[in-house]
Colleague: 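There's a structure below that I have some questions on.
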Amino acid sequence: MAKKKDNKFRWHRRHLLGLHDLSRQEIQFILDTAKGFEQISTRSIKKAPTLRGRVVVNMFFEDSTRTRISFTLAANRLSADVIEFTKKSSSVSKGETLLDTARNLEAMGIDIVVIRHNAGGAPKFLSRNIDACVINAGDGFNEHPTQALLDCYTIQKTSGPLDGLKNSIVGDIAHSRVARSGIWAMTKLGAEITLVGPATLMPPKVDQLPVNVSYKLDDVIEQFDVINMLRIQFERMGGSAFPSTREYSHFLGLTAERMKRAKPDILVMHPGPINRGLEIESGVADGKNSVILQQVANGLAVRMAVLFLVNQTAIEEAKSK
Ligand code: NCD
């Protein structure tokens with residue numbers, strides 16, 4: 001008798017470095033797993049024993065509010081022991097390298113490293129040189145996979161499947177790892193992406209990306225189902241990429257006036273931190289179309305899912321050795 005084909009998808013990754021190399025099925029699997037974790041946050045005792053006895057280190061070489069706290073909380077809710085590492089309070093400020101730092105932490109028995117670093121590729125480098133699982137919490141201009149996953153989760157939860165949706169990413173795309181991961185995730189899930197911004201803030205080789213490009217928000221805003229506004233990342237820019245912030249807001253800011261031409265049920269998203277009055281008007285950020293705080297809430301479930309999945313692979317691999 002012919003052996004029955006097992007179609008059941010099996011997660012096999014012990015690192016989450018980016019979304020570029022993930023399949024649609026893998027991305028959807030993370031989002032489906034997150035659904036299961038969402039209800040833990042609604043319980044009176046917000047804890048599951050999933051990562052009990054495991055050690056997670058949050059290595060943040062760049063400032064962060066949402067992502068760091070979200071990872072800490074996610075690991076806490078799964079009962080892991082969590083260690084917070086920041087550049088300023090560590091021996092990195094005395095000249096210790098990333099690899100030496102990670103190897104020393106590993107010698108103390110860590111299982112998962114969550115890393116944010118200003119150098120693109122730092123998480124990948126780490127994953128090749130240490131045994132612990134590595135999760136990218138944002139690397140340079142490269143990727144910010146959990147942000148894009150929580151964005152997709154929020155869209156699916158609010159508007160349903162991404163297939164056929166017309167989504168836009170607006171603003172400083174050149175310096176945005178959120179945009180890059182968002183492009184990979186949303187196009188794989190079937191959305192059409194339009195990047196909107198000044199030519200000076202478009203990424204290099206934009207013509208090779210699976211996106212449409214527009215330079216003027218007013219020309220295209222009425223098409224979109226989702227609008228993802230980005231912060232201008234001044235800290236990543238050498239010089240100024242546009243004449244003035246006033247001019248930027250005038251052409252690209254999401255104002256109540258501009259929203260009048262958008263679809264009535266457009267989803268307004270922003271990864272945070274917001275610069276109110278610059279890329280987005282306060283009334284719009286807090287308005288009825290905004291899902292900005294839902295994004296933050298959903299981030300927790302998504303990060304719990306990612307921690308759970310990479311840990312599960314590590315445990316299976318250890319068993320089979
Ligand atoms: C983003 C980041 O750090 O890449 N923020 C975040 O993680 N929510 C975007 C930004 O800093 O503008």
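When a ligand or atom number is given, it counts from 1 through the structure's own listing order. What's counted below: heavy atoms across the whole structure, side chains too, no hydrogens, waters or symmetry copies.
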Colleague: Could you tell me, atom by atom, which parts of ligand 1 come under 4.0 Å of a heavy atom of Arg231?
Modeller: 10 (C), 11 (O), 12 (O)

Colleague: Is there a donor-acceptor contact under 3.5 Å linking the side chains of Ser181 and Glu143?
Modeller: yes

Colleague: Look at atom 9 (C) of ligand 1 and say which protein heavy atom is nearest, naming residue and atom and giving the distance to 0.1 Å.
Modeller: Gly272 O, 3.5 Å

Colleague: Quick check: does any side chain N or O of Asp139 sit under 3.5 Å from a backbone N or O of Gly121, one acting as donor and the other as acceptor?
Modeller: yes

Colleague: Check whether the side chains of Thr67 and Gln147 place a donor and an acceptor atom closer than 3.5 Å, and report yes or no.
Modeller: no

Colleague: Consider ligand 1: state whether an atom of it lies below 4.0 angstrom from any non-hydrogen atom of Pro273.
Modeller: yes

Colleague: Consider every N or O of Gln233 and every N or O of ligand 1, then say whether any pair is closer than 3.5 Å.
Modeller: no

Colleague: Using the six-membered ring wherever Trp is involved, compare the ring planes of Trp184 and His20 and label them parallel, tilted or perpendicular (cut-offs 30° and 60°).
Modeller: perpendicular

Colleague: With heavy atoms under 4.0 Å as the rule, classify the contact between Arg116 and ligand 1 as side chain, backbone, both or neither.
Modeller: side chain

Colleague: Would you indicate whether the side-chain heavy atoms of Glu38 and Tyr153 approach each other to under 4.5 Å?
Modeller: yes

Colleague: With no hydrogens and no angle check, do the side chains of Arg116 and His144 hold a donor and an acceptor under 3.5 Å apart?
Modeller: yes

Colleague: Looking only at protein heavy atoms, which one is nearest to atom 8 (N) of ligand 1, and what is the separation?
Modeller: Pro271 O, 2.9 Å

Colleague: May I ask you to decide if the ring planes of His175 and Phe141 are parallel, tilted or perpendicular, using 30° and 60° as cut-offs?
Modeller: perpendicular

Colleague: What protein heavy atom is closest to atom 4 (O) of ligand 1, reported as residue, atom name and distance in Å?
Modeller: Arg177 NE, 2.7 Å

Colleague: For Val178, counting its heavy atoms only, list the atoms of ligand 1 lying under 4.0 Å from any of them.
Modeller: 1 (C), 4 (O), 9 (C)

Colleague: Determine yes or no for a side-chain-to-main-chain donor-acceptor pair under 3.5 angstrom, with Arg258 supplying the side chain and Gly253 the backbone.
Modeller: yes

Colleague: Side chain or backbone, does Glu235 bring an N or O within less than 3.5 Å of an N or O on ligand 1?
Modeller: no

Colleague: Starting from atom 7 (O) of ligand 1, what is the nearest protein heavy atom, named by residue and atom, and what distance separates them?
Modeller: His144 NE2, 2.7 Å

Colleague: Give the atoms of ligand 1, by number and element, whose distance to some non-hydrogen atom of Thr67 is under 4.0 Å.
Modeller: 6 (C), 7 (O), 8 (N)

